[in-house]
Amino acid sequence: MRNGSTPSQIPGPAVDNDGVEAIVAAGGLHNYQLKLHAEYGPVARFPLPGAGLAVSVADPVLLEATAKINKRPEKLFEFLAPLQESGNLQTIPADEHVPWRRVMLSVLAGRPSHEAHFARFTALAAEMADRWEREGEVALQKDLSELSLRMICQYALGSGLASEESVGQVVSAFEDVLTEYLGRMYQMEGPGQARAEESLAYLRATVDQVLAAHKDQEERNDLIAALVQAGESPARIRDTVLMIMMAAHHTTGVAISWMLYLMARHPDAAKRVTAEVDQVLGDRAVPGYGDLKDLVQLDRALKETMRLYPPGPYGAREATEDVVIGDYEIPAGTTIFYPFWAVHMNPDHWPDPQVFDPDRFTPEATAARPRLAYIPFGLGPRSCEGAGLAMVEAELVLATLLKRFDFRLAPGQTVTPIERFVLWADGDIRMNVTPRPKN
Ligand code: HEM
């Protein structure tokens with residue numbers, strides 16, 4: 001028996017405002033979601049700032065009904081529109097998105113191309129590790145986001161950025177732009193319109209430089225070349241470069257940071273991971289591509305990290321036709337909210353959800369769970385095109401760092417997750433790194 005045919009008939013709190021206040025009072029959207037679903041069940045409606053009434057689905061089996069939808073709600077992603085000239089890539093319609101995604105996957109998802117870039121990636125990771133050894137205390141998110149940006153520029157754009165300083169500048173320019181435009185939706189303080197515009201102009205100029213450098217080179221097999229070959233317009237190519245630079249750096253950077261944080265907090269699990277790294281790498285300082293498949297403990301610990309701290313904690317779709325979700329029929333046009341983080345905390349599939357336990361990802365345990373119980377890269381036709389690449393990057397960086405250093409949290413800091421576009425630790429995570437004794 002279906003209970004509802006409009007979102008207002010789906011269970012949820014009384015609605016008399018845009019929802020910001022309740023989310024702030026709960027201590028952020030994630031806590032709000034946990035409470036919402038604990039109180040109203042796996043399908044609940046709530047006022048989502050910027051999108052009106054949304055229906056949130058926190059059950060992995062019920063999510064299946066939405067897994068083919070290829071439309072994001074425009075209003076919710078409007079904050080990214082200033083970054084795009086040819087239509088917001090987050091929300092372009094399916095007929096433009098499908099061929100674009102095909103090109104993206106052809107370049108980003110292939111094992112041969114991951115392998116081809118691997119040596120360059122490890123060199124970049126080793127370079128950062130050399131600097132860490134000299135510095136002793138490091139800010140994880142800052143350095144690892146910058147490293148991820150260097151990697152994606154090498155990989156997808158066929159070149160590094162013009163100078164070393166520009167890497168840090170690009171990272172902080174993205175931060176300015178995102179906090180300003182996202183902040184407006186959630187009434188948070190940003191750096192101000194003037195600074196955001198300046199940062200955006202800087203990002204555009206950087207993309208133009210990358211494209212100009214690209215033109216000068218003869219033989220290309222990177223993302224830009226593939227987009228040119230597929231006949232995408234110059235404006236769409238510029239937008240893609242900007243979107244990829246953004247989507248690839250802070251997500252991968254925070255994933256690695258959270259893992260190192262959890263390793264420092266859980267010495268027993270860390271010992272298992274490092275023992276395996278030592279065994280697989282032997283006396284080599286960095287892994288080879290073929291080693292990754294043998295780093296089973298590391299892979300499980302990384303997955304468990306992204307369950308507890310998903311770098312992209314939320315997603316959304318717009319129903320393109322009426323859709324039945326459990327007991328409810330949801331009309332076309334409804335915003336469907338994906339609380340990825342709350343799905344990862346669903347106690348029906350994750351007993352003691354707060355506990356860090358990499359063994360949740362043994363093949364047996366994984367096979368016993370519904371497919372969509374673990375969705376750090378989203379789902380369906382709009383899931384992350386960089387998922388495979390991100391795992392390769394994160395694992396090679398982690399293996400390199402864990403082989404080389406012991407990590408201890410710098411004293412006197414409280415690590416607090418903060419939800420901006422990605423799940424950061426407020427004020428970064430400072431870590432003391434000391435070289436491990438060679439055996
Ligand atoms: C650990 C690292 C990463 C995480 C956790 C992550 C997570 C996500 C999530 C949750 C989404 C939204 C999916 C949805 O709505 O269902 C997404 C979208 C996207 N990601 Fe990632 N991502 C990561 C790294 C990357 C990398 C390395 C790239 C590019 C090389 C990338 C490119 C994209 C793009 C282009 C989209 C938009 C997808 C579309 O609309 O078709 N991401 N990512």
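Computed from a predicted structure; not experimentally measured. Atoms within each ligand, like the ligands themselves, are counted from 1 in listed order.
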What protein heavy atom is closest to atom 24 (C) of ligand 1, reported as residue, atom name and distance in Å?
Thr251 OG1, 3.3 Å

Please verify whether a non-hydrogen atom of Arg72 lies at under 4.0 Å from ligand 1.
yes

Heavy-atom nearest neighbour in the protein, as seen from atom 22 (N) of ligand 1, with distance rounded to 0.1 Å
Cys384 SG, 3.1 Å

Do we get Arg300 above Phe361's six-membered ring, with its NZ or CZ under 6.0 Å from the centre and within 45° of the axis?
no

If the contact criterion is a heavy-atom separation under 4.0 Å, does Tyr314 count as touching ligand 1?
no

For Arg101 and Ser383, which I'm curious about, is there any donor-acceptor pair between the side chains at under 3.5 Å?
yes

Just to be sure I'm reading this right: ignoring hydrogens, which of Pro376, Pro311, Ala109 gets closest to atom 7 (C) of ligand 1? Compare them by their nearest heavy atoms.
Pro376

Pairing of Glu96 and Arg236 as salt bridge, 4.0 angstrom limit
yes

Could you tell me if any non-hydrogen atom of Met243 lies under 4.0 Å from any atom of ligand 1?
no

Quick one: nearest non-hydrogen protein atom to atom 36 (C) of ligand 1, plus distance?
Glu385 OE1, 3.5 Å

Can His249 be said to touch ligand 1, with heavy atoms closer than 4.0 Å?
no

Are the side chains of Gln90 and Glu74 in touch, meaning some heavy atoms are under 4.5 Å apart?
no

Backbone, side chain, both or neither: what part of Tyr338 comes under 4.0 angstrom of ligand 1, heavy atoms only?
neither

Without hydrogens or angle criteria, can the side chains of Thr334 and Glu318 be said to hold a donor-acceptor pair below 3.5 Å?
no

Short version for Ile375: what comes under 4.0 Å of ligand 1, heavy atoms counted, is neither

Using a 4.5 Å cut-off on heavy atoms from C-beta on, say whether the side chain of Val20 contacts that of Val24.
yes

Heavy-atom proximity to atom 41 (O) of ligand 1, best of Met151, Met391, Arg382, His97:
His97

Return the residue, atom name and 0.1 Å-rounded distance of the protein heavy atom closest to atom 32 (C) of ligand 1.
Ala247 CB, 3.5 Å

